[in-house]
J.: 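Input: one structure, supplied below.
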Number of protein chains: 2
Amino acid sequence: MPLAAPSAETLGFARHDHNHCVSEALEAAEERCADAGLRFTPVRRRALEILLEEHRALGAYDVLERLQEEGLGAQPPAAYRALDFLVANGFAHRIERLNAFIACTQPGEDHVPAFLICRTCGRVAETVAMPGKGVIEAAAGATGFRIERVLVEAEGLCADCVTEAGR
Amino acid sequence: MPLAAPSAETLGFARHDHNHCVSEALEAAEERCADAGLRFTPVRRRALEILLEEHRALGAYDVLERLQEEGLGAQPPAAYRALDFLVANGFAHRIERLNAFIACTQPGEDHVPAFLICRTCGRVAETVAMPGKGVIEAAAGATGFRIERVLVEAEGLCADCVTEAGR
DNA sequence: GCTTGTGATGTTACACTATACCATTTATGA
DNA sequence: TCATAAATGGTATAGTGTAACATCACAAGC
Ligand SMILES: [Zn+2]
Ligand SMILES: [Zn+2]
Ligand SMILES: [Zn+2]
Ligand SMILES: [Zn+2]
């Protein structure tokens with residue numbers, strides 16, 4: 001590693017060794033795809049890597065832009081296809097509020113993701129929503145609605161931005 | 001009422017007297033705007049009425065189309081402005097998952113709305129999310145994130161569509 | 001009445017997000 | 001090898017949302 005020092009950047013809102021976390025996640029994805037008989041093609045791999053590099057939500061066109069720089073697909077469908085694959089197989093999530101995508105922080109584990117979105121700095125943290133205990137589930141049960149997927153996204157200010165604003 | 005019989009249609013997923021519910025909600029909105037010093041203009045009133053008429057989520061362009069038929073604004077901004085007003089003042093909600101809007105079922109009351117979205121028939125029911133008791137709030141508190149707004153949207157099959165599919 | 005400021009509306013033009021569709025290539029498996 | 005399915009390339013277009021500026025309506029104060 002000649003120039004760039006191994007960096008500790010902010011993931012979600014916590015610090016960690018970023019280089020390590022990216023490569024590890026990619027390896028894990030590779031392995032999981034092999035096991036599941038999924039094709040982890042160059043475009044899909046690179047798309048995931050792009051999402052992992054930034055720990056924030058990226059729009060499909062942001063991803064496309066980076067893919068284009070490397071000759072991996074030049075049109076919107078290329079990005080959407082890769083992202084759809086990642087979302088469908090649990091490697092990434094879509095943030096509806098932002099029309100954007102983010103790498104999953106616990107791929108492979110069955111979970112109901114929830115997101116904390118800072119409206120100032122745009123960073124996003126993934127956490128987990130309470131499974132099966134909410135009032136929503138109760139209301140659904142009462143009316144016979146069968147829930148297949150729950151989307152939870154919270155907007156507000158992250159700790160750093162609260163401090164900024166508080167001064 | 002000459003031709004159309006006073007109808008009992010489906011609100012969310014429950015039956016009710018629809019004519020009555022629309023007019024009542026409009027009157028209530030009128031009153032609340034008067035009290036709060038808000039201008040409940042023709043476009044805004046009609047936009048709310050449109051949302052109330054259908055008890056489902058409508059896209060901004062669906063609303064625009066209906067407004068156009070009556071000469072109330074011909075361009076997208078007209079619809080978006082009216083809808084923004086309704087959302088900002090609690091008369092309607094935006095469903096992020098659908099890029100659509102729906103009239104609030106309990107305007108005036110401070111609540112965290114949650115939605116049940118049927119992926120087959122497209123109907124949407126509003127219920128309430130548990131305020132302050134979820135794991136999300138706990139995770140937010142732990143990291144110093146200050147939540148300002150929470151978005152909860154559940155996708156699945158409504159009772160009718162479950163029955164359909166079950167056969 | 002007139003002025004003035006604010007908020008609402010009209011209008012154009014454009015930016016951003018997403019998909020339908022068809023042709024071509026690549027991998028998989030009989 | 002050949003048939004099949006999956007993935008990609010590419011065009012075009014649909015759908016969603018806003019910036020920016022001009023104009024209009026209204027209410028408060030002179
Ligand atoms: Zn996840
Ligand atoms: Zn922040
Ligand atoms: Zn509501
Ligand atoms: Zn249904």
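So that the names make sense, note that chain A is the first sequence line, chain B the second, and so on, each numbered from 1. Side chains included, hydrogens not; waters and symmetry mates left out as well; all remaining heavy atoms used.
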J.: B/Arg44 side chain: which of D/dT8, C/dT11, C/dT9 is closest?
T.: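 The nucleotide sitting nearest to the side chain is C/dT9.
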
J.: With nearest nucleotide decided by heavy atoms, which residue, B/Thr41 or B/Pro77, maps closer to the 5′ end of DNA chain C?
T.: B/Thr41

J.: In whole angstroms, how far is the P atom of C/dA8 from the CG atom of B/Leu83?
T.: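 Taking CG of B/Leu83 and P of C/dA8, I get 15 Å after rounding.
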
J.: Show your reasoning for whether salt bridge (Lys or Arg N to Asp or Glu O under 4.0 Å) applies to B/Arg44 and B/Glu49.
T.: CA-CA 9 Å; B/Arg44 293 168 174 179; B/Glu49 193 177 14; over 6 Å; no

J.: Can you list the residues that meet the side chain to side chain contact (heavy atoms under 4.5 Å, CB included) rule with A/Gln75, with sequence neighbours excluded?
T.: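 Once residues adjacent in sequence are excluded, the partners of A/Gln75 under the side chain to side chain contact (heavy atoms under 4.5 Å, CB included) criterion are A/Pro77.
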
J.: Closest approach to the side chain of A/Ala60, judged atom by atom: which nucleotide of D/dG10, C/dA18, D/dT18 is it?
T.: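 Output: C/dA18.
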
J.: Whole angstroms only, please: what is the CG-C1' distance between A/Leu58 and C/dC16?
T.: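 In whole Å, C/dC16 C1' lies 15 Å from A/Leu58 CG.
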
J.: Between B/Leu98 and B/Arg39, name the one whose nearest nucleotide on DNA chain D is closer to the 5' end.
T.: B/Leu98

J.: What does B/Gly59 touch in the nucleic acid at a heavy-atom separation under 4.0 angstrom: a base, only the sugar-phosphate, or nothing?
T.: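 The residue B/Gly59 makes no contact with any strand.
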
J.: Rounded off to whole Å, could you give me the CG-to-C1' distance for the B/Leu38 and C/dA8 pair?
T.: 13 Å

J.: With a 3.5 Å cut-off and heavy atoms only, can you find an N or O donor on one side and an acceptor on the other between the side chain of A/Tyr61 and the base of C/dA15?
T.: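 Donor-acceptor pair under 3.5 Å: no.
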
J.: For B/Arg32 and B/Asn89, which I'm curious about, is there any donor-acceptor pair between the side chains at under 3.5 Å?
T.: no

J.: Over the length of the helix from C/dG1-D/dC30 to C/dA30-D/dT1, how much do the five-pair end axes diverge, rounded to 10 degrees?
T.: 20°

J.: Quick one: which of D/dG10, D/dG17, C/dT19 gets closest to the side chain of A/Pro76?
T.: C/dT19

J.: Assess whether one donor atom and one acceptor atom, taken from the side chain of B/Arg81 and the base of D/dG17, lie less than 3.5 Å apart.
T.: no

J.: By the 4.0 Å heavy-atom rule, please label B/Phe85 as base, sugar-phosphate, or nothing.
T.: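 Contact class for B/Phe85: none.
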
